[in-house]
Amino acid sequence: MLSSVLAGALLLLGAAQPILAAKPSPGCGKAPKLITAAAATTPGLSITSGGAKRQYFVKLPANYDNNHPYRLIFTMHAVGGSGQQVSSGAGGYYNLPNLINDTTGAIYVAPTGTSGSLGIGWWNNGGSDVTLVQDLIKEVENDVCIDQNLRFSTGFSHGAAMSFILACALGKELRAVAVLSGSPQISGTCPGGTEPVAWYSQHGTRDQVLNISGGRQMRDRFIKNNGCAAKEAKEPARGEPHIKTVYECKPEYPTTFVAFDGDHTPSPKDPGASSTFSDKYTWEFFQQFK
Ligand SMILES: *[C@@H]1O[C@H](CO)[C@@H](O)[C@H](O)[C@H]1NC(C)=O
Ligand SMILES: *[C@@H]1O[C@H](CO)[C@@H](O)[C@H](O)[C@H]1NC(C)=O
């Protein structure tokens, strides 16, 4: 009796993630040679990956401290976009820098995809975009100070599809992903036997570009990988606010799905709301890992 009460209490507390000791990258304690404030501005930086010259942008926190192991957050663009587009403007890097203060700090990487039938995107031909991200992890972590236990990826649409494939391909190298209206097919396929990765995703019930059925498939893949108990994820009817489903999973792999009444958008708003929940939910999800 008492033990079941305790077990219930522990389940309620289940949201608190174990704090892992920081795993400082080789760039910690060194003055950066490559990545300075200029890495966030055009033309960004370039790296040779898979024999091709690829572009990326990096945003450091103000007052970057090379002894502080920061979070590393990949912010992947949608089709037709670029690293430059993600890195630009007041809401750049999916608006996360406006939510993550400089004391907590994060280092953002916004690479540019390659040309494909619909424009520049994450076509990941022959795994080339997975290789790019692996090469960027090395390049960035050798130069600046990253906590290697705190790597994340997020993106909208093609950037979400790529974040899904990164979760499949990199497994425990990533701590969590936030997949905003993605698809399980457009950046390659998720091989069988993949590892658990903490999972947040959201999708519009009326998405006419990437059907929500693909959003459910990606989510279900990680519900399985993350050992979550089956649970119905309710979806809102026309005119209703979003519905968030938090699954009960292996403790280190929280899994959350949000369905909203809307089309293909990175910044859905509830009826009457003046701002989106996407950035807040992404950071709320990522910040639980320490
Ligand atoms: C930054 O955020 C952390 C975590 O939310 C908080 O503990 C800290 O007080 C914040 N610092 C500032 C200067 O706002
Ligand atoms: C998504 O796909 C389902 C099943 O094929 C279909 O019934 C539905 O109309 C599609 N939704 C949109 C918004 O296209």
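As the structure is a prediction and not an experimental result, all values here were calculated from the model. Just follow the structure's listing: the first ligand is 1, and inside any ligand the first atom is 1.
Per-atom contact check: atom 2 (O) of ligand 2 touches the protein, criterion being a heavy-atom distance below 4.0 Å. Inside a 4.0 Å radius of atom 7 (O) of ligand 2 there is not any protein heavy atom. For atom 10 (C) of ligand 2, the nearest protein heavy atom lies closer than 4.0 Å.
The protein heavy atom nearest to atom 13 (C) of ligand 2 is Asp207 O, 3.3 Å. For atom 14 (O) of ligand 2, the closest non-hydrogen atom on the protein side is Asn211 ND2, 3.8 Å.
Of the N and O atoms on the side chains of Tyr94 and His77, not one donor lies less than 3.5 Å from an acceptor on the other residue.
You'll find the ring centres of Tyr247 and Phe257 outside the 6.0 Å limit.
A salt bridge links Arg151 to Glu173: one of the charged nitrogens lies within less than 4.0 Å of a carboxylate oxygen. Using a 4.0 Å cut-off between charged side-chain N and carboxylate O, Glu141 and Lys23 make no salt bridge.
For Ser213, no nitrogen or oxygen atom sits less than 3.5 Å from a nitrogen or oxygen atom of ligand 2, counting backbone and side chain alike.
Taking the six-membered ring for Trp and thresholds of 30 and 60 degrees, Tyr281 and Phe277 have ring planes inclined between 30 and 60 degrees apart.
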